[in-house]
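What you are looking at is a predicted structure, and each value in this text was computed from that prediction instead of being measured. What's counted below: heavy atoms across the whole structure, side chains too, no hydrogens, waters or symmetry copies. Residue numbers start from 1 in every chain, and the chains themselves are labelled A, B, ... in the order their sequence lines are given, proteins ahead of strands.
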There are 2 protein chains.
Amino acid sequence: MAAAILHHPAVEDLRLEGVLHALSDPIRLQMVRELARRDEPCACGTIDVPVSKSTRTHHWRVLREAGVIRQVESGTAKLTELRREDLDARFPGLLDVVLREEPASTAASLRA
Amino acid sequence: MAAAILHHPAVEDLRLEGVLHALSDPIRLQMVRELARRDEPCACGTIDVPVSKSTRTHHWRVLREAGVIRQVESGTAKLTELRREDLDARFPGLLDVVLREEPASTAASLRA
DNA sequence: GATGTTGTTCGACGAGCGTCGTCCTACACT
DNA sequence: AGTGTAGGACGACGCTCGTCGAACAACATC
């Protein structure tokens, strides 16, 4: 791993399409929500999703390159966290929408 | 066209992933923004985007099936409008984020 | 009825995405 | 040193997506 420089887009380079696309996958949405729930940098391996290890790596990269998360290496682990401030600065309200949506709750309450 | 019944998902059936995916394409984003600017049902042919006619039809269908727009036939034309209230009810703030983003403005102002 | 306008349908094509398994690298710990 | 652990790199596979042109359908208008 050799402390490779991980590519993170600058705040002003965040593209709305990219962020929306990154968030439009169920697995990635799950990852982001779990990340938000913890509210502190954590090893990405500790967030489990029903896909293989390499697929997980792929999703983390998509999220990182879209600017949704930030990752820093720490030993063998890779600490991952949401870029809350950056996202809020660039697309105010977007993260709130995504995180407010409880998986299979709002729909049910609307139906009732 | 024979007054075919156009499929529109009910409010409670709107899925966040679907809406995000529908909005993650530059062309569709452009369509939605123009639709919002006009703020009234208008023939979808009057909104021009740099793609062919059939591609346009494709994009309108994606937006409709995701629940972003509503279309009703009127003669040979097809009146199209944003489902503002439905989107605001289901995903409060999302539409605001998408519409606030002026293409190539916020980034520039942040850079300055 | 002939022509024009609006929009759809139907393949087709290339690119990208999500997924996987396997191998590899780097650090940690005994 | 040897073993374990966290994660990446690579190649492959099938599917979906965005795109197009050509042909078609329905209505309007002359």
Decide yes or no, distance alone: a donor-acceptor N/O pair under 3.5 angstrom between the base of C/dG21 and the side-chain of A/S54. yes
Using OP1 and OP2 only, check whether a side-chain N or O of [X] sits under 4.0 Å from [N].
X: A/T57; N: D/dG7; answer: no
X: A/H21; N: D/dC17; answer: no
X: B/S52; N: D/dT19; answer: no
X: B/K78; N: C/dT8; answer: yes

Give, ordered by number, those residues of residues 23-30 of chain A having at least one heavy-atom distance below 4.0 Å to an atom of DNA chain D; if nothing qualifies, reply none. none
Side chain of [X] (C-beta onward), nearest among [options]:
X: A/R61; options: D/dT19, D/dA9, D/dA6; result: D/dA9
X: B/T76; options: D/dG21, D/dC27, C/dG7; result: D/dC27
X: B/H58; options: D/dG7, C/dG7, D/dT19; result: D/dT19

Rounded distance in Å - [atom1] ([X]) to [atom2] ([N]):
X: B/R64; N: C/dG7; atom1: CZ; atom2: C1'; value: 12 Å
X: A/E17; N: D/dG18; atom1: CD; atom2: P; value: 13 Å
X: A/W60; N: D/dA6; atom1: CH2; atom2: P; value: 15 Å
X: A/R56; N: C/dC20; atom1: CZ; atom2: P; value: 10 Å
X: B/M31; N: C/dG7; atom1: CE; atom2: C1'; value: 12 Å
X: A/Q71; N: D/dA6; atom1: CD; atom2: C1'; value: 12 Å
X: B/H59; N: D/dC17; atom1: NE2; atom2: P; value: 12 Å
X: B/L63; N: D/dC17; atom1: CG; atom2: C1'; value: 14 Å

Have A/S52 and A/T55 got a donor and an acceptor in their side chains that come within less than 3.5 Å? yes
Pair B/D48 + B/R56, salt bridge at N-O below 4.0 Å: no
Taking the basic N atoms (NZ, or NE/NH1/NH2) and the acidic carboxylate oxygens, is any pair closer than 4.0 Å for B/R70 and B/E85? yes
Using side chain to side chain contact (heavy atoms under 4.5 Å, CB included), reason through A/W60 and A/I47 one step at a time and then give a plain yes or no. CA-CA 11 Å; A/W60 287 126; A/I47 293 183; 4.0 Å; yes
Rounded to the nearest 0.5 Å, how far apart are CZ of B/R37 and CG of B/L99? 12.0 Å
Gap between atom CG of A/L16 and atom CG of B/L23 - 0.5 Å precision: 8.0 Å
N/O donor-acceptor pair under 3.5 Å between B/T80 side chain and B/K78 backbone: yes
Taking for each residue the nucleotide of DNA chain D with the nearest heavy atom, is it B/K53 or B/V62 whose nucleotide lies nearer the 5' end? B/V62
